[in-house]
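See below for the structure under consideration.
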Amino acid sequence: MGHRFDVPEADAFTRAYWDAAAEGRLLIRRCGACARAHHYPREFCPYCWSEDVTWQDASGRATLYTWSVVHRNDLPPFGGRTPYVAAVVDLAEGPRMSTEIVGEAAGEASTGLRVGLRAGLELAVAFRDGVPVFRPAP
């Protein structure tokens, strides 16, 4: 199998994030100085530049901000997944996150059927091969 572009390369800093994801937990970073949460993980707060940031378990809840159905992607293994729904979600804790929508609604959207995907749709985190993805909340 060739190089996969969907598998992260964890480093010393991000290992906690990817280890938690492998256990089915979504982590975000929270600043001790300004109390704001952020995602993607950084060693400093992108709002106040403080280095007083810690890992925090996220609730796993989000709302759909926007999405697009991807019909062509030549990078392995995405080509085998097309069509799929790429999305940006607003986590309940505040940060915005790029992800993929999975499940029945995503499958219907990717085949062109009219479904309930809409901005503001309530979502819940799921994990595929240790990577956080989202599905419509039950």
Side-chain angles (χ1 to χ4, degrees):
M1 176 184 223
H3 182 74
R4 287 183 56 176
F5 294 89
D6 67 327
V7 179
E9 292 183 24
D11 59 24
F13 171 67
T14 61
R15 181 150 323 278
Y17 178 84
W18 294 114
D19 287 351
E23 297 169 0
R25 296 176 19 241
L26 178 61
L27 294 182
I28 57 174
R29 300 283 280 175
R30 181 152 317 261
C31 179
C34 72
R36 292 182 73 178
H38 65 269
H39 186 81
Y40 65 91
R42 286 163 271 199
E43 296 185 62
F44 62 91
C45 175
Y47 303 105
C48 74
W49 302 102
S50 171
E51 293 180 5
D52 180 18
V53 290
T54 57
W55 293 107
Q56 173 187 330
D57 280 301
S59 66
R61 293 177 293 115
T63 55
L64 184 59
Y65 176 72
T66 190
W67 77 97
S68 180
V69 178
V70 178
H71 293 278
R72 182 178 175 113
N73 189 331
D74 295 329
L75 296 175
F78 298 106
R81 293 182 188 161
T82 57
Y84 62 90
V85 179
V88 177
V89 301
D90 289 325
L91 299 176
E93 294 76 13
R96 195 163 272 170
M97 176 180 176
S98 296
T99 187
E100 183 179 342
I101 304 298
V102 298
E104 187 176 311
E108 291 172 355
S110 66
T111 59
L113 297 175
R114 289 186 52 81
V115 296
L117 285 185
R118 59 177 169 67
L121 178 67
E122 297 292 322
L123 302 168
V125 73
F127 293 87
R128 182 181 55 220
D129 299 325
V131 176
V133 295
F134 285 80
R135 67 178 66 250

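Treat the numbers as computed from the prediction; the structure is a model and nothing was measured. Just so you know, residue 1 is the first one in the sequence shown, and it goes up from there.
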* Enter the distance from Arg118:CZ to Thr63:OG1 here, rounded to the nearest 0.5 Å. => 10.0 Å
* To do: Would you confirm whether Arg61, through its side chain, and Ala124, through its main-chain N or O, come within 3.5 Å as a donor-acceptor pair?
  => no
* Structure fact -> Minimal heavy-atom distance between Gly130 and Ala21, with the atoms involved, is O-CB, 3.2 Å
* Residues in side-chain contact (heavy atoms from CB on, under 4.5 Å) with Thr82, at least two apart? -> Asn73, Tyr84
* Between Leu121 and Pro136, is any pair of side-chain heavy atoms under 4.5 Å apart? -> yes
* To do: State, with a plain yes or no, whether a side-chain heavy atom of Leu117 is found less than 4.5 Å away from one of Val85.
  => yes
* Asked: What's in the same ILVMFWY side-chain cluster as Phe44, cut-off under 4.5 Å, chained through other members?
  -> Trp49
* Asked: Given side chains that start at C-beta, do those of Val133 and Val125 come closer than 4.5 Å, heavy atoms only?
  -> no
* Which residues share a side-chain contact (heavy atoms from CB on, under 4.5 Å) with Ala16, sequence neighbours left out -> Trp55
* **More than 12 heavy atoms from other groups under 6.0 Å of OH on Tyr65** => no
* To do: Flag the pair Ile101 / Leu64 as yes when at least one side-chain heavy-atom distance between them is below 4.5 Å, and no otherwise.
  => yes
* Please tell me if the side chains of Leu123 and Arg135 come closer than 4.5 Å, counting only heavy atoms from C-beta onward. => no
* Asked: Do you know which two heavy atoms are closest between Val70 and Ala86, and how far apart they sit?
  -> CG2-CB, 3.9 Å
* Sub-4.5 Å side-chain heavy-atom contact between Cys34 and Ser50 -> no
* **Contacts of Arg29 that satisfy side-chain hydrogen bond (donor to acceptor under 3.5 Å, both in side chains) - sequence neighbours left out** => none
* Name all pairs fulfilling the side-chain hydrogen bond (donor to acceptor under 3.5 Å, both in side chains) condition that reach into residues 35-44, sequence neighbours left out, sorted by first residue then second. => none
* Asked: For Ala58 and Ile28, which heavy atoms make the closest approach, and how far apart are they?
  -> CB-CG2, 4.1 Å
* Asked: Residues in side-chain hydrogen bond (donor to acceptor under 3.5 Å, both in side chains) with Glu51, at least two apart?
  -> none
* Any side-chain hydrogen bond (donor to acceptor under 3.5 Å, both in side chains) pairs touching residues 10-19, not counting sequence neighbours? -> Asp11-Thr14
* Structure fact -> The reported gap from CG in Asp52 to SG in Cys45 (rounded to nearest 0.5 angstrom) is 9.5 Å
* Asked: What heavy-atom pair brings Ala62 and Phe134 nearest, and what distance separates the two atoms?
  -> CB-CE2, 3.7 Å
* Pair listing, salt bridge (charged side-chain N to carboxylate O under 4.0 Å, His left out) test, anchored in residues 68-79, at least two apart -> Arg72-Asp74
* Taking the side chain as every heavy atom from C-beta outward, state whether Asp57 and Leu26 have any atom pair closer than 4.5 Å. => no
* Keeping to residues at least two apart or across chains, list the salt bridge (charged side-chain N to carboxylate O under 4.0 Å, His left out) pairs with something in residues 92-102. => Asp90-Arg96, Glu100-Arg128
* Provide the closest heavy-atom pair for Trp67 versus Ala119 in the form atom of the first, atom of the second, distance. => CZ3-N, 3.7 Å
